[in-house]
Every structure is written in C-alpha cells, then in structure tokens.
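Have a look at the structure below, then the notes.
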Amino acid sequence: MFEVLVCMESNGDCKRQMAEKILARFQALIRENDLTEQVSVQPSPCLGLCRADGATVQIGTNLYTGVTPANADYVFREYVLHLFPKQGKTGVG
C-alpha cells in the first residue's frame with residue numbers, strides 16, 4: 001500500500017498550521033478517487049522540516065513542505081493521483 005504521512009507533531013509548527021485539515025482533506029480525496037485500497041494517509045510524528053507557511057507531508061519517500069489546506073488538492077493531484085491514473089477521477093482540485 002502506498003503511504004502518505006502528515007506531520008502532526010503535537011508541539012510543532014505543522015499542527016498549528018492546520019495539519020488536521022490537510023489530513024482530513026487527503027483522506028476525503030482518497031475516498032473520492034476510489035483509492036482506499038491503494039493509498040493510506042496517516043498522521044506522523046515530526047518529519048523534521050517544519051516551516052512557518054505550512055505542514056510537511058511525506059508522500060511515498062518524498063517530503064513536501066509548505067502544504068496548506070489551500071493547496072492540498074493540488075499536492076494530492078500532482079504527487080499522489082498521477083501515480084494511480086486508472087483509479088483516479090479527473091475532477092480533483
């Protein structure tokens with residue numbers, strides 16, 4: 001199963017940057033695109049790259065910083081959905 005981790009360090013910048021909303025949005029996008037059997041989204045301890053302008057998300061083995069609720073759909077489409085073109089729907093984002 002392909003794994004996506006969202007930094008949820010309880011005292012870190014990521015949690016204060018609405019990481020909960022990013023986690024929930026990614027989970028919703030996985031359901032909307034029928035990827036529940038292929039992709040898992042989970043909270044993670046600190047991923048070590050906190051930034052003031054957003055959360056850190058690990059997609060597979062790659063880390064992405066600056067993820068916000070405003071760009072979560074774009075990040076999902078560009079870095080997750082394109083890996084599963086047959087299962088994903090085209091209307092994301």
Side-chain angles (χ1 to χ4, degrees):
M1 180 167 285
F2 188 78
E3 188 170 62
V4 176
L5 301 173
V6 177
C7 181
M8 299 289 282
E9 181 64 29
S10 61
N11 294 321
D13 287 334
C14 293
K15 188 157 183 122
R16 289 190 297 270
Q17 294 295 329
M18 296 184 258
E20 296 95 344
K21 290 182 180 181
I22 296 164
L23 179 72
R25 184 61 186 147
F26 272 45
Q27 290 170 333
L29 289 166
I30 286 170
R31 287 189 304 274
E32 290 170 17
N33 287 278
D34 299 322
L35 294 172
T36 56
E37 298 295 320
Q38 292 88 8
V39 181
S40 168
V41 178
Q42 302 295 326
S44 172
C46 184
L47 294 169
L49 294 173
C50 293
R51 292 182 46 164
D53 62 348
T56 300
V57 176
Q58 181 174 334
I59 299 173
T61 59
N62 298 312
L63 292 174
Y64 300 91
T65 60
V67 180
T68 66
N71 68 17
D73 283 38
Y74 171 81
V75 171
F76 181 84
R77 183 178 63 246
E78 292 298 312
Y79 303 110
V80 178
L81 191 58
H82 84 277
L83 298 172
F84 303 93
K86 292 181 183 174
Q87 289 87 1
K89 297 177 184 173
T90 58
V92 175

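Just so you know, residue 1 is the first one in the sequence shown, and it goes up from there. We use all heavy atoms of the structure for the numbers below, so side chains are in, but hydrogens, waters and symmetry mates are not.
By the side-chain contact (heavy atoms from CB on, under 4.5 Å) test, Ala70 pairs with Thr68, sequence neighbours left out. For Ser40, the side chain to side chain donor-acceptor pair (under 3.5 Å) partners are Gln42, not counting sequence neighbours. For Pro45, the side-chain contact (heavy atoms from CB on, under 4.5 Å) test picks out Glu9, with sequence neighbours left out. Residues passing the side-chain contact (heavy atoms from CB on, under 4.5 Å) test with Phe2 are Val4, Val39, Ile59, Leu83, Phe84, sequence neighbours excluded.
Considering all non-hydrogen atoms of both residues, Ala19 and Cys7 come closest at CB-O, 3.3 Å.
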Quiz prompt | Check against side chain to side chain contact (heavy atoms under 4.5 Å, CB included), Val57 and Phe26 | solution = CA-CA 10 Å; Val57 176; Phe26 272 45; 4.2 Å; yes

Quiz item: Where do Thr56 and Gln58 land on the side chain to side chain contact (heavy atoms under 4.5 Å, CB included) test, with the steps shown first?
Solution: CA-CA 7 Å; Thr56 300; Gln58 181 174 334; over 6 Å; no

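Side-chain atoms of Asn33 and Phe76, non-hydrogen and from C-beta on, do get closer than 4.5 Å to each other.
Atom CG of Leu23 and atom CG of Leu5 lie 10.0 Å apart (nearest 0.5 Å). Summarising the geometry, atom CD belonging to Gln38 is positioned 7.5 Å from atom CE belonging to Met1; distances are rounded to the nearest 0.5 Å. Rounded to the nearest 0.5 Å, atoms CZ (Arg31) and CD (Gln27) are 6.5 Å apart. Atom CG of Leu35 and atom CG of Leu81 lie 6.5 Å apart (nearest 0.5 Å).
With Thr65 contributing its side chain and Leu49 its backbone, the two residues share no donor-acceptor pair below 3.5 Å. One N or O on the side chain of Asn71 and one on the backbone of Gly66 form a donor-acceptor pair closer than 3.5 Å.
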